[in-house]
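Have a look at the structure below before the remarks.
Bear in mind the structure is a predicted one, so any value in this text is a computation, not a measurement. First listed ligand is number 1; within each ligand, the first listed atom is number 1.
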Amino acid sequence: MKKILLIAISTLFLACTQKEQRPTTAFPLKLEDLEANRKMSSAMERAFKHYEAPRLLDNELYSNFRYTEVDGFDYNGGDGTITRRDPSKIIFENGKYYIWYTYRNTATEPRGYKAANDTIPSMDWDLAEIWYATSIDGFTWEEQGVAVPRPEKPKPGWRSVATADILKFKDKYYLYYQAFNAPSGKYDPERDAYDICPVAMSKADSPDGPWTPVDKVVVPFGDSTEWDWRVIHDPNPLVHDGKIYLYYKSGLDVRDANRKFWDCWGLVIADDPEGPFEKHPLSPVTNSGHETMIFPFREGVAALIGTDGIEHYTIQYAKDWVNFEIMSVSQLFPTAGGVYCPDAFTDTKNADGITWGLSHFINAGNDWGNMYSKLGRFDCDLSLSVNDPSLKQSNILYPNELYFSRGLSEEQRKRIDDRNKALSNK
Ligand code: AAL
């Protein structure tokens, strides 16, 4: 009896306090009329407490993206034999911008790993080298040629070197890249995966080279039971607290052609560009992101997480460079962007952020049979020193053709028709 009484009293008390917490007036029209401790719904509370500001316009870590074709790159009429993709960060040195990227110039377009040989590429990034280009304005580029060629077999990367990113550290330059020893797409029974390559590195005294390869694996794979056992991709080095913070993509689960894998990003830290790189014990530090752009922002680091994963199309921030939180949701992200990031290596505690970069456009000719990728420019306002309200708009409307270009497959249409038939037969 005593117990029942106690339960009744506490239920009554809970109901009263909950009722008490309910606001007695409607939410005000003007923010200046909002009472300080007003009880809010979770979504409204999030708008005020989690985000930088409740209005998107006032959020430094929100932007939409504008795109511009760039001049200076030839693609052989788009026949699939020349590709440029996976650009690095952009740095400004000797009065000009520098960018590095995967460059493939092959006898044919990519034909899959079964048809691949010494001259026929399996994938868009097979049989590739790392090339570089410079620009005065970021719109017209002058290709300078090869920075890192494919080394002699069996050195790391003899089959292809791809997806480079740049580090400037103590006045020297370092390119980190994926070093393939087999055509991408070929099944590797040891790792039970298809796009296997260690991260290698080359160094130089000038961004114009010459580049000397450090013939070793710089970022080690995890053990066979660990999350980053299968791949280490997209190395992105930055400088923080006097050390090199290198973010990279790997993924949990099966890395097969059906993309069952779960892409996440890890963090390794070293005192020296050649390593040893120590894995941060909280890795993976993102739960999403195929080609993620990570750059210093204020005292922390921001991440543009484009395709893939539960938090795709979000812009995130980690004040401590490890624990990322969603700051905004955006759309039409650059794919595999290389950002112009003036504070990438300055180790400042108030990094300005980014306003532009180059990204790649996969299947540039809209013809998967002659697959190649091209580089283009994106602009955005993820910078403390720029204030461009047009880049803060979120009502971005796309041409109708874009929606209808994503039509149903025959299989999907059949499923829908079958369901309709079943309904009408009931
Ligand atoms: C890219 C990157 C890596 C992959 C392939 C080439 O966009 O994620 O570099 O291996 O695709």
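Of all atoms in ligand 1, listed by their number and element, those nearer than 4.0 Å to a heavy atom of E291 are 1 (C), 7 (O), 8 (O). With ligand atoms numbered from 1 in the order given, ligand 1 contributes 4 (C), 10 (O) to contacts under 4.0 Å with heavy atoms of D195. Listed by atom number, the atoms of ligand 1 under 4.0 Å from T163 heavy atoms are 3 (C), 6 (C), 9 (O). Near D86, the atoms of ligand 1 lying under 4.0 angstrom from a non-hydrogen atom of the residue are 1 (C), 2 (C), 6 (C), 7 (O), 9 (O). The H290 neighbourhood of ligand 1 comprises atoms 8 (O), with distances under 4.0 Å to a heavy atom of that residue. The D234 neighbourhood of ligand 1 comprises atoms 2 (C), 3 (C), 8 (O), with distances under 4.0 Å to a heavy atom of that residue. Close contacts of ligand 1 with H233, meaning ligand atoms under 4.0 Å from a residue heavy atom, involve 4 (C), 10 (O).
Ion pairing between R298 and E52 holds under the 4.0 Å rule for side-chain N and carboxylate O. We find that D418 and R413 are not joined by a salt bridge, their nearest charged nitrogen and carboxylate oxygen being 4.0 Å or further apart. Using a cutoff of 4.0 Å between basic side-chain nitrogens and carboxylate oxygens, R104 and D126 are not scored as salt-bridged.
In M123, neither the side chain nor the backbone holds a heavy atom less than 4.0 Å from any atom of ligand 1.
The shortest contact between atom 8 (O) of ligand 1 and any protein heavy atom is with K249 NZ, 2.7 Å. Protein heavy atom closest to atom 3 (C) of ligand 1, with residue, atom name and distance, is Q178 OE1, 3.3 Å. Of all protein heavy atoms, the one lying nearest to atom 5 (C) of ligand 1 is W125 CE2, 3.5 Å.
Taking the centre and axis of the six-membered ring of Y67, the NZ or CZ atom of R377 falls outside the cone set by 45° and 6.0 Å.
Under the 30°/60° scheme for interplanar angles, the aromatic rings of Y403 and Y398 are found to be tilted. Classification of the W321-Y245 ring pair by plane angle, with boundaries at 30° and 60°, yields perpendicular.
At least one heavy atom of R85 lies less than 4.0 angstrom from ligand 1.
S202 pairs in a side-chain hydrogen bond (donor to acceptor under 3.5 Å, both in side chains) with only one of the listed residues (Y177, Y176, W211), which is Y177.
Contacts of F48 classified as ring-ring contact (aromatic ring centres under 6.0 Å, His included), with partners at least two apart in sequence or in another chain: none.
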